[in-house]
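Hydrogens, waters and symmetry mates play no part in the numbers below; they use all other heavy atoms, side chains included. Naming: A, B, ... by sequence-line order, numbering from 1 per chain.
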Amino acid sequence: MCIFCTCFAFAQKIKTDSVYSLPEVKVDETRLNDFGTGLSIVKIDRKKIEASHLLNLAELISENSAVFLKTYGQGSLATISIRGTGPAHTGLFWNGINISPPNLGLSDFALIPAALINSAEIQSGSSAALYGSGVIGGAVHLNSQPDFKKAINISVSGLTGSFGLYEGSGSGVFSNNKWYSRVAGYYRACENNFSYSNTAKFGSPREKLVSADYFSYGATAELHRLFKRNYSVALHAWHTYTHRNLPPSMTSVDNNEQQSDNAFRFLLEAKKLFEKSTLKAKVAWLNEYLRYENETASVNEKVNTQGIISEAEFATQVLKKAKLNVGINYTYYYADIVQYSTAKTRNQAAALFSFLYPFTKINWKATVSLRQELVEGYAVPFTPSLGMEGRVWKFISAKANLSRSYRVPTMNDRFWVPGGNPDLKPESGWNAEAGFFTSSNDSSRLVTPNFSATAFSSLIDNWILWQPLPNNNIIWTPVNLQKVWARGFESNAGLRFKQGTIETGINAFYSYTRSTIVETSDALQATIGKQLMYVPQHNLSASIHFKWKTVFFSYSQTYTGKRFTTSDNSASLSGFTVGNLLLNYDLNLNKYAIGFGFRINNIWNTTYQTLAYRPMPGRNFTASLNFKFNNN
Amino acid sequence: MNKKLILPFLLIAALSGCKPDDDNTPEGAYETGVFITNEGPFGTGTGTVSFYNRTSGEVSNNIFEVVNNRPLGNIVNSIEVHNEKAYIVVNNAAKVEVVNVADFVSTGVIENLGTPRYFLGVDEHKGYITDWASGVKVVDLHSNTVSATIATGGQGPEQMKQIGSEVFVANSGGYDKDSTLVVINTASDAVSATLTVGHNPKALAVDADGKLWVLCNGILDWVTPANDTPGKLVRINPTTKTVELTLTFASASDHPAGLVTNEAKTKLYYTLNGGVYEFSITASALPSSALINRSFYNIGIDPVSDYIYGTDALDFVQNGYTLRYTLSGTLVDSFQVGVIPGNFYFN
């Protein structure tokens, strides 16, 4: 139940044991786990999510990796930047389906509640050959994990925290050898009226944040059925609704802005297992409805997007040991946005191919993946990737991945009036990464060391940015403006001691990221060689945990380096460190369990901003009570 | 926590310790020179004021924060000097900051505004502030408080010009559209007349003959371009309050901006479609070719040097430039200012 387990998992492939064994067909296989050879993945499972008492995916990622999230404040818009790329360069996937809305091509990670997530995998680096457009910096995968055994698990939680935070959530799993069903729901409300020192005003007076309250609710359900002759069918449903008042920045006044986000997602999957192969088909319907109001500027906007995503895949064992996967994808997007003048659609299709070959004698494996996507109106580059990993010495393994990546312009880029640009080219990149990791996962040992280091380099060309039209400072248009070189390294080191009922460990992440502009327009030469805005060069996080029976204590401290707030690097935000403390106690009573959780966030009461002039809360608390029933 | 773990934190914190990147120190003399307002990054961020010293050629950026130790606020729209005080209009912070023009030390702030745009000093006791949210705010300059609000009966009151005991206010359309110019009697603080000009009048200038010129932007309908109307240049007799001349731009996509005059006030300058145009006040037709072929975010003319100042905001997220040209359109020099340089005051 320790959240630090994620730290240890950082370097390791999810299925470490399968690295050196023959590939086999599993019920919960994913393309990423089977063919993402040489990629770096951090997994956060349901236990860790529950034990951390965090509220949304943005907070989960921040606490469990060295990934930077640019957030407008607690519960507010949070966008991700992996390996020095922009927020549209990380895909968000739900059971393999890309759920980033087509109008923006990026996701607000604050809108994904922790209460509904079963597991999250953070994959750094490009996996475009596996997953397509927009997976340049990385991807975040939310997956369900059906387990066909007789069980009833019910969990009910209540959480309260500083600044009027309340959350109630519950989940239930009902399963046997033929059925697996899981339902989860939550409701959360937060006043979010924390006081902060307004450094933008004379004397830095204490002020209370206004108009930052929000409420949110949602539910998810999934139903899986195994039939005779190895057929299986699954249905997934997701609904979340979030209403947020948007607070002013420290330098502006309240404009009575509010936003509501309404998401519906459905997915139907069917699978047939043969002796040495699997046939899968899935179709998803996605709908996002956003409403934004700004009283001062008399703006009342509605954005309605829909997507129908269908996919078929066939994986089979070939040449005795090797594994082949071929698939096709067809996607239809629809966006009804007033600025498009009329509702617009986009059709796209893709063919994908992966081939994994294990060199069993030397404990290595290699995967080649190829993808060709066809998108209405764009020439998408052919996208190959090559990944390798294997043992080099005792428990030390090496990995490497080389891949092409791309990002198709968003529907806003193409259709927005004024400025939408139909002549844009897709962004196109090359990514290389290589590193070492320890692959020993023997939990019976007294001391378990853990280490990983990955160096990466990505070149992204035709990077799209909105710029004012050359002869007009009012109308903006997206252009293939710049070429960006993002490079750096990520490392992770830890030690875990375990004896009897006592476990303790320390762990640290560090990432160094240089992401600079190498080519741009003549007018913007001052930005050449400059770090991209809001990409910290240094990210460091260190943690210590202690566990005795069912008592768990942890302390973590993160350092986020300086971030530039202008493209010529003439202004910046200072780096900051934040410490968090977590205490959990579980009382186990046969089939029942009661859990108590307590968190102190920002324990040293640091004044900091992740985005210029957006205040963040000082020291704050959450307390939670959880009731569980397990009948396995 | 383990000391060895803390050490790298301290090291990195020390290495990257940083502050707003400004080397400029106040020289205590902003008495004469050119003030340039920089709107600052949209959304989040602060605007700044830059000062250009004509004698030394030195530029001091971010002078308000350097002197007063706090940022100005989001979107600095304009600056006006009146009675030895500078009034800095901070649009999205709904306020006007007041400083001593000589040393830029803050002496007050006018708050409780909506969406303020421009300040005009009417006399030593009173000022007007155009406010898209409510009309024209009447400000008591001794207490820096709003004493009254004059409804302009239109949308988006923008630039003002005082002629004698009257102030002309352009209803620019704001978030909507408009085509009126209102006249305020400064003795009664009441609207005494409303004139109809072209669509969306934004900029005003007074010429050597005492005539008022109104530059109308025209309608720019982003969603339905068929609704676009061309800009207009309108001459008004401020005494009779009548429109004497209306010149309509050639195309519905012509939306001119930024009307200024030379020192002699015999010529008008404006920007249009990526160029700066010169118009003689005696001409009867609009010029067909540009004086300077370059796009500027805004222009101004320094009456001391008679140089045209143009601002370039580049990508709008880095420090912009001010470029100086002679009246014949020859580039003199340029200097770096703040993010999104937008307005001038020549003191």
Would you mind reporting whether B:Val339 and A:Thr566 have side-chain heavy atoms less than 4.5 Å apart?
yes
With no hydrogens and no angle check, is any side-chain donor or acceptor of A:Thr251 less than 3.5 Å from a backbone partner on B:Gly45?
yes
Can you say whether B:Ala133 sits under 4.5 Å from chain A via the side chain, the backbone, both, or neither, judging by heavy atoms?
neither
Please report the shortest heavy-atom distance between B:Gln318 and A:Ala526, naming the atom on each side.
OE1-CB, 3.6 Å
Minimum heavy-atom separation for B:Arg70 to A:Lys201, with atom names?
CD-C, 3.7 Å
Name the option with the most non-hydrogen atom pairs under 4.5 Å to chain A; the candidates are B:Pro41, B:Ala93, B:Gly40.
B:Ala93
Taking side chain as everything from C-beta outward and backbone as N, CA, C, O, which of these in A:Trp416 sits under 4.5 Å from a heavy atom of chain B? Side chain, backbone, both or neither.
neither
A:Asp254 versus chain B, heavy atoms under 4.5 Å apart: side chain, backbone, both or neither?
neither
With side chains defined as the heavy atoms from C-beta onward, is the minimum distance between A:Asp568 and B:Leu314 less than 4.5 Å?
no
With a 4.5 angstrom heavy-atom cut-off, is it the side chain or the backbone of B:Glu111 that approaches chain A, or both, or neither?
neither
What part of B:Phe296 gets within 4.5 angstrom of chain A, counting heavy atoms only: side chain, backbone, both, or neither?
backbone
Mind ranking A:Asn255, A:Val417, A:Thr565 by heavy-atom pairs under 4.5 Å with chain B and telling me who comes out on top?
A:Val417
Side chains of B:Tyr297 and A:Pro468: closer than 4.5 Å at any heavy-atom pair?
no
Segment of A:Ile475 engaging chain B (4.5 angstrom heavy-atom cut-off):
side chain
Could you look at A:Ser204 and say if it's the side chain, the backbone, both or neither that has a heavy atom under 4.5 Å from chain B?
neither
Side chain, backbone, both or neither of B:Thr46 within contact of chain A (heavy atoms, under 4.5 Å):
both
So does B:Lys95 have more than 12 non-hydrogen atoms from other groups sitting under 6.0 Å from NZ?
yes
Do you know which of A:Ser298, A:Ser521, A:Ser249, A:Ala612 has the most heavy-atom pairs with chain B at a distance under 4.5 angstrom?
A:Ala612
The single option from A:Thr527, A:Leu465, A:Thr520, A:Leu481 passing side chain to side chain contact (heavy atoms under 4.5 Å, CB included) against B:Asp315:
A:Thr527
Can you find a pair of side-chain heavy atoms, one from A:Met250 and one from B:Asn74, that are under 4.5 Å apart?
no
Which atoms of A:Val338 approach chain B - backbone, side chain, both or neither, heavy atom under 4.5 Å
backbone
Got a second to check how far B:Asn69's CG is from A:Thr199's OG1, nearest 0.5 Å?
11.0 Å
